Amino acid sequence: MCARSRARRRLRVGTAEPAPTILLAHGAAPGCAAILPEMRLSQLFFTTLRDDPSDAEMPSHRLLVRAGYVRQLGSGIYSLLPLGFRVTQRVEQVIREEMDRIGSQEMEMPVVHPAEVWKESGRYFKIGPELVRFKDRAERDMVLAMTHEEVVALLLRDIVRSYRQLPMMVYHFQTKFRDEPRARGGLIRVREFVMKDAYSCDRDDAGLDRSYRLQYEAYERIFRRLGLNAIAVGADVGIMGGTGAHEFMVINDFGEDTLVLCDACGYADNQQIAVVGKPEPAPEAILPVEDVETPGATTIDALARYLDVPRSRTAKAAFFMAGDGRFVVAIVRGDYDVNETKLVNTIKARGGLRPATVEEITARGMEAGYGSPIGARDAVVVVDELAARSPNLVAGANRVGWHVRNVNVPRDYAPDHVAEITSAREGDPCPRCGGPVKLRQGIEVGNIFKLGTDFSVAFGSTYLGEDGQAHPIVMGSYGIGLGRNVACIVEAHHDEKGIVWPDEVAPYAAHLVTISGARDPRVAEVADRLHQVAADAGREILYDDRDESPGVKLTDAELLGMPWIVTISPRSLAAGGAELTRRATGARSTVPIEQLEGWLRDGFEVRAPA
RNA sequence: CGGGGUGUGGCGUAGUUGGUAACGCACGUGCUUUGGGAGCACGAGAUCGUGGGUUCGAGUCCCACCACCCCGACCA
């Protein structure tokens, strides 16, 4: 994957810049007119499919495969066919322009890293099998890069000496490999993908705030230009540290993240970190504990039904094993769910959490289905603050078939932590304005992250300040996955007939279709001339010169989704020119050939017709 | 990693109680056709995911494995 070759072939469709000379990759003489076979559908390396591929569910997946933009090679591994590659380049170019605009410098860093680099930051040991490790021929440990914080930190250590060299931002487009446990959704969650990752390098937190703000604003411009309605939500910073993060999310039912949103005031957070309002429990006298037989009541629902109490009068226990070997009991009220992200952050669980097994639970004196921290051994007990101040709850007795009434903290058991560890629910009070929040699924199309000094401290990446002292460089990192953005654009811009590319990212500005071209020489003649005019002007349009029936060609044009469809036929010529169709609206008009030629020569005037 | 599902020409599928693979689309050739996935004729293309087993005989039954999809776990 070579960013340079991608950059060299920046697209010029629909722009007003002059046609540059295009160099052929295999060494054609400079200045020689480029042959672009992919402009002719008869030569384009692609095929359309009449049927949906059986393994595709999301519209973007179905359409991108059916229209010949991408092909799957393995689970979460895709080839970009020429059309898909062009779209990706268009997306890349939008991002590049906005990165350049905020003064970020494009570079390129390697995909394969010596493992020592990742050992030095500690991530080699913290990250699980998602990080691909292998040995080279000399038995050296190597990794496939998931991101490039380490490399940037190393470069900073080598290059930056003085505060005068800061602030500084760099970015690159590079292939990442993450051995995800499960790829899904076509291009939405893949294992190999190209990502724009940018890194800001500042003298201090105030500088980081400025860089972060610049990236934030650039992201808003990028997603607007890409035709994506992305909203920024507050996000988890993880246990890696970091002082703030936002994820840019597109609402989508197939999304993997849950967002907590408030229509009234615009509040938006990832459910992982959202803290919403909770009703204060009514005060009541603390009652003595009392065993109660509850045969078969192993779930909160069953328990509440059996005892005929609301779920809010019960305590729910969830058991986890932390990656660092600690056993964790989390207690929330029965009407809430445990939020694992908050739990991880509360106990600073290295390596995350996984559900505990029944054996692990009983080994610590508890009983799955009838569990509570009462009598627990060797366990970290974390109680949700609301559960902690809710009086007289029904909790497990750690005995099969029995619960305990009137359990109260701290009388009946001692928590190691009392913290807010529940997930926000639909309709809960907005933390900002108190209105009801709503929950929506979202796809993360970009993220921005205040890294702080973790990496620069680990690598000794310091600069000499005005005070003559060494200070760690304050870093930020900012990612956008290209393929996922392409998929999200299709998710947002398609209809029952196919893709409807926004002008900014369409692989070609226009799709020229001939009807009866083989039979009527005038049709082919006019179309060939239009195509040539466009090519001479450096404006690449797609030319369907295939000898196919009108139905096939028009259907394919709609499936492929170029913003403008230009139809030349004996009928259109008789009507005075070409038929111009706006793909998004279906609006049609007849345009004289000379006028079309002018548009193709001088740039497509997207507002004038239709 | 747990649960569910699917593997049969390029794509989508059929295949009965086990008897030597069928259909649509796509593809090639010829003729006809040409504004909404054309028609006719001829043709090419499949060791039925892999390995083993049962059987006179396996796409079909049994076992193991692999791949892919979906749900969950997971996702600095």
Side-chain angles (χ1 to χ4, degrees), chain A residues 46-58 61-62 65-66 68 71-77 118 121-131 145-150 176 178-186 188-191 197 235-242 245 247 254-257 270 272 320-321 323 340-341 344-345 349-357 443-444 447 449 451 454-455 477 479 481 484 497-498 513-520 523 546-559 565 567-575 579 581 586 588:
Chain A
F46 94 124
T47 187
T48 56
L49 301 175
R50 193 173 293 214
D51 301 307
D52 283 334
S54 60
D55 58 358
E57 296 203 337
M58 293 184 71
H61 188 193
R62 274 177 21 231
V65 173
R66 265 191 64 203
R71 243 342 112 85
Q72 183 171 11
L73 182 63
S75 182
I77 305 177
W118 286 65
S121 72
R123 291 164 99 188
Y124 189 84
F125 310 104
K126 285 177 198 159
I127 298 177
E130 194 181 349
L131 176 66
M146 295 168 48
T147 56
H148 286 76
E149 282 85 359
E150 281 84 355
K176 315 289 172 185
R178 299 179 183 181
D179 196 358
E180 298 283 351
R182 190 183 144 214
R184 70 185 98 184
I188 293 298
R189 185 165 206 78
V190 292
R191 298 193 295 166
D197 41 327
D236 181 40
V237 294
I239 57 166
M240 288 295 293
E247 293 165 338
F254 290 91
E256 300 175 288
D257 287 278
N270 194 309
Q272 291 177 331
F320 300 93
M321 283 298 299
E340 272 193 49
T341 303
V344 166
N345 291 337
R350 297 264 152 160
L353 296 170
R354 63 162 173 83
T357 64
I443 298 171
E444 182 185 345
N447 73 290
F449 194 110
L451 283 174
D454 281 12
F455 284 93
S477 80
R484 181 181 286 188
K497 292 174 177 171
V513 177
T514 56
I515 289 173
S516 305
R519 185 205 251 182
D520 188 333
V523 168
R546 298 175 301 172
D547 182 19
E548 288 285 353
S549 71
V552 169
K553 298 176 82 165
L554 294 171
T555 307
D556 274 350
E558 284 158 343
L559 177 61
I565 299 170
T567 312
I568 316 275
S569 67
R571 187 204 283 180
S572 79
L573 292 177
E579 185 180 272
T581 307
R588 298 182 187 186

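What you see is a predicted model, and the numbers here were worked out from it, not measured in a lab. Both backbone and side-chain heavy atoms feed into the values below; hydrogens, waters and symmetry mates do not. Proteins get letters first, then strands, A, B, ... in listed order; numbering begins at 1 in each.
Using a 4.0 Å heavy-atom distance criterion, A/Arg354 is classed as making no nucleic acid contact.
In the set B/G12, B/G35, B/A76, the nucleotide with an atom closest to the side chain of A/Ile127 is B/A76. Of the candidate nucleotides B/G37, B/C11, B/G35, B/G35 has the atom nearest to the side chain of A/Pro550. Checking B/G24, B/C75, B/A76 against the side-chain heavy atoms of A/Ser477 singles out B/A76 as nearest. When the nucleotides B/A73, B/C11, B/A76 are ranked by their closest atom to the side chain of A/Leu49, B/C11 comes out on top. Among B/A76, B/G35, B/G12, the nucleotide with an atom closest to any side-chain atom of A/Ser516 is B/G35.
The nearest whole Å value for the distance from the OH atom in A/Tyr124 to the C1' atom in B/A76 is 16 Å. A/Asp179 has its CG atom 14 Å from the P atom of B/C75, to the nearest Å. Between the CG atom of A/Leu353 and the P atom of B/A73 there is a distance of 13 Å, given to the nearest Å. The CG-P distance, from A/Asn447 to B/C75, rounds to 15 Å in whole Å. The distance from atom CZ of A/Arg178 to atom P of B/A76 is 8 Å, rounded to the nearest whole Å.
Take A/Asp556 and apply the side-chain contact (heavy atoms from CB on, under 4.5 Å) test, not counting sequence neighbours, and it matches A/Thr48, A/Arg546, A/Val552, A/Leu559. The side chain to side chain donor-acceptor pair (under 3.5 Å) search around A/Asp52 returns A/Arg62, not counting sequence neighbours. Looking at residues two or more places apart in sequence or on another chain, you find no side chain to side chain donor-acceptor pair (under 3.5 Å) involving A/Gln272.
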Could you list, one pair per line, each protein nitrogen or oxygen that sits under 3.5 Å from a nitrogen or oxygen of nucleotides 69-72 of chain B, together with the distance?
unit_1	atom_1	unit_2	atom_2	d
B/C69	OP1	A/Gln72	NE2	3.0
B/C69	OP2	A/Ser75	OG	2.8
B/C70	OP1	A/Gly185	N	3.2
B/C71	OP2	A/Arg182	NH2	2.1

Would you tabulate the pairs of protein nitrogen or oxygen atoms and nucleotide nitrogen or oxygen atoms of nucleotides 26-32 of chain B closer than 3.5 angstrom?
unit_1	atom_1	unit_2	atom_2	d
B/A26	OP1	A/Arg50	NH2	3.2

Tabulated below should be each protein N or O lying under 3.5 Å from an N or O of nucleotides 41-46 of chain B; please produce it.
none

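B/A41 is paired with B/U29 under the Watson-Crick or G-U wobble criterion, all donor-acceptor distances under 3.5 Å.
Put simply, the side chain of A/Arg66 and the base of B/G10 share no donor and acceptor less than 3.5 Å apart. Counting distance only, with no hydrogens placed and no angle test, the side-chain atoms of A/Asp52 and the base atoms of B/G12 include no donor-acceptor pair under 3.5 Å.
Salt bridge A/Glu579/A/Arg588: present, at least one basic N to carboxylate O contact under 4.0 Å.
In this structure, A/Trp118 and A/Leu131 have side chains that are in contact, with non-hydrogen atoms separated by less than 4.5 Å.
Both A/Pro53 and A/Asp547 lie close to RNA chain B; mapped to their nearest nucleotides by heavy-atom distance, the more 5′-ward contact belongs to A/Pro53.
For the OP1/OP2 pair of B/G37 and a distance below 4.0 Å, the side-chain nitrogens and oxygens of A/Thr555 include no atom meeting the criterion.
Annotation: the span from A/Asp520 atom CG to A/Thr514 atom OG1 amounts to 10.5 Å, rounded to 0.5 Å.
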